[in-house]
Amino acid sequence: MAGSVPLASAKTPTARNRTTRSSGVAKWVLIGAAVLVLLWLIVLPLAVVIIESLKKGLGVYVDAIRDPDAMSALKLTLLVAAVTVPLNTIFGVAAAWAITKFKFRGKQVLVTLIDLPFAVSPVIGGLIYVLVYGAHGWFGPWLQEHDLKVIFALPGIVLATLFVTFPFVARELIPLMEDQGQQEEEAAVTLGARGFRIFWKVTLPNIKWGLLYGIILCNARAMGEFGAVSVVSGHIRGETNTLPLHVEILYNEYQFSASFAVASLLLLLALVTLLLKSWFTRKSQHQQ
Amino acid sequence: MQTSASKRGVLPGFGLTMGYSVLYLSLVVLIPLSALLLNSTGLTWAKFWDVATDPRVLASYKISFLTAAAAGLIDTVLGLLLAWVLVRYDFPGKRLFDAMIDLPFALPTAVAGVSLTAIYSQNGWIGSLFEPLGIRLAFSPIGITLALMFIGIPFVVRTVQPVLQDLDAEVEEAAATLGASRFRTFRKVVLPELLPPLLTGFALAFSRGIGEYGSVVFISGNMPMKTEIAPLLIMSKLEQFDYAGATAVALLLLLISFILMLLINSLQRRVRKTAR
């Protein structure tokens, strides 16, 4: 639900000039208003990150990013994404295969349950893991006995991130594979192809761009998640601090330029994501 | 195994993919969520009622609701404008325009939070323009609304856009030929078709707004009773190790989210039907 909109609905718009040719003035007034809204709502926040990060000069910018705490936050963020994105991708492909290639009872319930994490506040996404693995949680005493740490440590951050990014790949693939039906795969079976080979040779080429689209959205959220990770991280500098949390720490210490410098790294991630996203969208439309 | 697979069709892998999906779903989503529902913190009814009727908690729900509703409404109007222009007109830079709409989906919420605070605080770009008028944008409910508007706008645009694209321009032309004015055509012909997606877009933005945390905590100022949102209250109860209190606030929020989700699902099915 919250977080992404399926690729199928994100077509590049095609203009219909016929209906509007009669009033050139109205057209340009509306376009002008829309451009203003876009500049105000979306471009301004983007520009402010860049301007604020360079306010005290390039030196402060470079220092903020080369700071050991920032580097360790960057490493942790990359590590968390490297674990969570593949796990949720494997799940997404498996779930989409089961849901779109077979008939079974309770399919709609399963689809709704997969969407659940998008409906839940990220703070609750963190809280539930504290209730399960925290000191007072279900497994808390057992974990303590065996000297294992989940909450306020890497496993907790990974789990909370898994939760908030859970639906991305699955909900991208399900409508896509639904539209494609299963004739091609059935033909492959008739021709003697087996198991995983069918997926690899027949299904994957058809869903490749949609899959990549889901993966980059999942990755952007995994690297950028704040609320859920904030609950389970414990904010230990140099240890359990991800990049978004580092932005917050610097900001609360009134190191605004440094905070925006680290934020600009995350902005770069967002811009690369958008670039890849529109590329994949175009590729996938080409394919359909 | 073999028999059940052949009943379902000729394709292989049902048992494996279904089993794995359900197992993974249970481990990552269902079991942890049930910790909240099964009341692992020993929350009693009395304590739950105490928390739920605490003035500070009630105030936080009111703020979350009102700001999310206001942001959703403004986004619905602005989102319709953006979607309309993107579908109906051609202009230079349109592809970039279209791509930029998704920025709030891709930008980490903490980055949005610090950036919006810099824009709307007293000495910020826009905040400083309103300061002489005695209007505070950041650290007030207006600031929270502005942050939620940023987060919510793509939901409206991306829900309305495909429906608008499928809308038959010929019906409008017919209405125009029959002498209907431009505004009348829009009101009588276009708007009824757009109502379901607009409602869905609003509900999506509203639902996201109620749970939103990262973009809001910086700009809200987090003053109890005034600018403290419900998710933040969960956070501060956790920081005080009040797990039962945090669970109580979260349960209410979760209930609201579930109701909204079911509403959105049925709305989306309606939209898909009209779009085809």
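Within every chain, numbering begins at 1; the chains are lettered A, B, ... in the order of the sequence lines, protein sequences first and strands thereafter.
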For the [atom1] atom of [X] and the [atom2] atom of [Y], what is their distance to the nearest 0.5 Å?
| X | Y | atom1 | atom2 | value |
| --- | --- | --- | --- | --- |
| A:Leu131 | B:Ser34 | CG | OG | 10.0 Å |
| A:Asp115 | B:Gln268 | CG | CD | 8.0 Å |
| A:Gln182 | B:Leu11 | CD | CG | 6.0 Å |
| B:Thr109 | A:Arg221 | OG1 | CZ | 7.0 Å |
| A:Ile31 | B:Arg88 | CD1 | CZ | 13.0 Å |
| A:Phe104 | B:Phe14 | CZ | CZ | 5.0 Å |

Contact part of [X] toward chain A, heavy-atom cut-off under 4.5 Å: side chain, backbone, both or neither?
| X | answer |
| --- | --- |
| B:Ile256 | neither |
| B:Ile126 | side chain |
| B:Leu116 | side chain |
| B:Val157 | neither |
| B:Ile153 | side chain |
| B:Tyr120 | side chain |
| B:Leu23 | neither |
| B:Pro104 | side chain |
| B:Ala112 | neither |
| B:Phe241 | neither |

Pairs of heavy atoms under 4.5 Å with chain A: top-ranked of [options]:
| options | answer |
| --- | --- |
| B:Tyr20, B:Phe218, B:Phe258 | B:Phe218 |
| B:Val22, B:Val111, B:Val249 | B:Val111 |
| B:Ile210, B:Ile119, B:Leu82 | B:Ile119 |
| B:Val114, B:Leu107, B:Ile234, B:Val85 | B:Val114 |
| B:Leu146, B:Leu238, B:Leu81 | B:Leu81 |

Identified side-chain contact (heavy atoms from CB on, under 4.5 Å) partner of B:Leu103 from the options A:Thr273, A:Leu38, A:Leu274, A:Val43: A:Leu274
Need one label for [X]: side chain, backbone, both or neither, based on atoms under 4.5 Å from any heavy atom in chain B.
| X | value |
| --- | --- |
| A:Leu162 | both |
| A:Val37 | side chain |
| A:Ile124 | side chain |
| A:Ser230 | both |
| A:Phe166 | side chain |
| A:Phe91 | both |
| A:Leu265 | neither |

For [X] versus [Y], what's the shortest heavy-atom pair and its separation?
| X | Y | value |
| --- | --- | --- |
| A:Val132 | B:Ala35 | CG2-CB, 3.6 Å |
| B:Ala106 | A:Ala220 | O-CB, 4.2 Å |
| B:Pro12 | A:Phe102 | O-CZ, 3.5 Å |
| B:Ser115 | A:Pro45 | OG-O, 2.6 Å |
| A:Leu116 | B:Met261 | CD1-CE, 3.6 Å |
| A:Pro117 | B:Val29 | CG-CG2, 3.8 Å |

How about A:Trp28 and B:Phe91: do any of their side-chain heavy atoms sit closer than 4.5 Å? yes
Is the closest side-chain heavy-atom distance between B:Arg208 and A:Phe118 below 4.5 Å? no
Output the option from [options] having the highest count of non-hydrogen pairs under 4.5 Å with chain B.
| options | answer |
| --- | --- |
| A:Phe199, A:Trp40, A:Phe196 | A:Trp40 |
| A:Ile198, A:Thr112, A:Val247, A:Leu269 | A:Thr112 |
| A:Val130, A:Val49, A:Val189, A:Leu127 | A:Leu127 |
| A:Val262, A:Leu159, A:Leu44, A:Ile90 | A:Leu44 |

Could you please spell out the steps behind the side-chain contact (heavy atoms from CB on, under 4.5 Å) verdict for A:Tyr251 and B:Thr117? CA-CA 11 Å; A:Tyr251 191 86; B:Thr117 312; 3.2 Å; yes
Are B:Tyr213 and A:Phe226 close enough that their ring centres sit under 6.0 Å apart? yes
Could you check A:Leu110 against B:Leu25 for side-chain contact (heavy atoms from CB on, under 4.5 Å), going step by step and ending with a plain yes or no? CA-CA 9 Å; A:Leu110 184 61; B:Leu25 175 73; 3.8 Å; yes
side-chain contact (heavy atoms from CB on, under 4.5 Å) for A:Ser121 and B:Leu253? Distances and angles first, verdict last. CA-CA 8 Å; A:Ser121 171; B:Leu253 200 61; 4.0 Å; yes
Around atom NZ of A:Lys55, are there more than 12 heavy atoms of other residues, nucleotides or ligands at under 6.0 Å? no
Check the pair A:Leu87, B:Tyr24 against side-chain contact (heavy atoms from CB on, under 4.5 Å), reporting the backbone distance first and the verdict last. CA-CA 9 Å; A:Leu87 281 175; B:Tyr24 188 78; 3.5 Å; yes
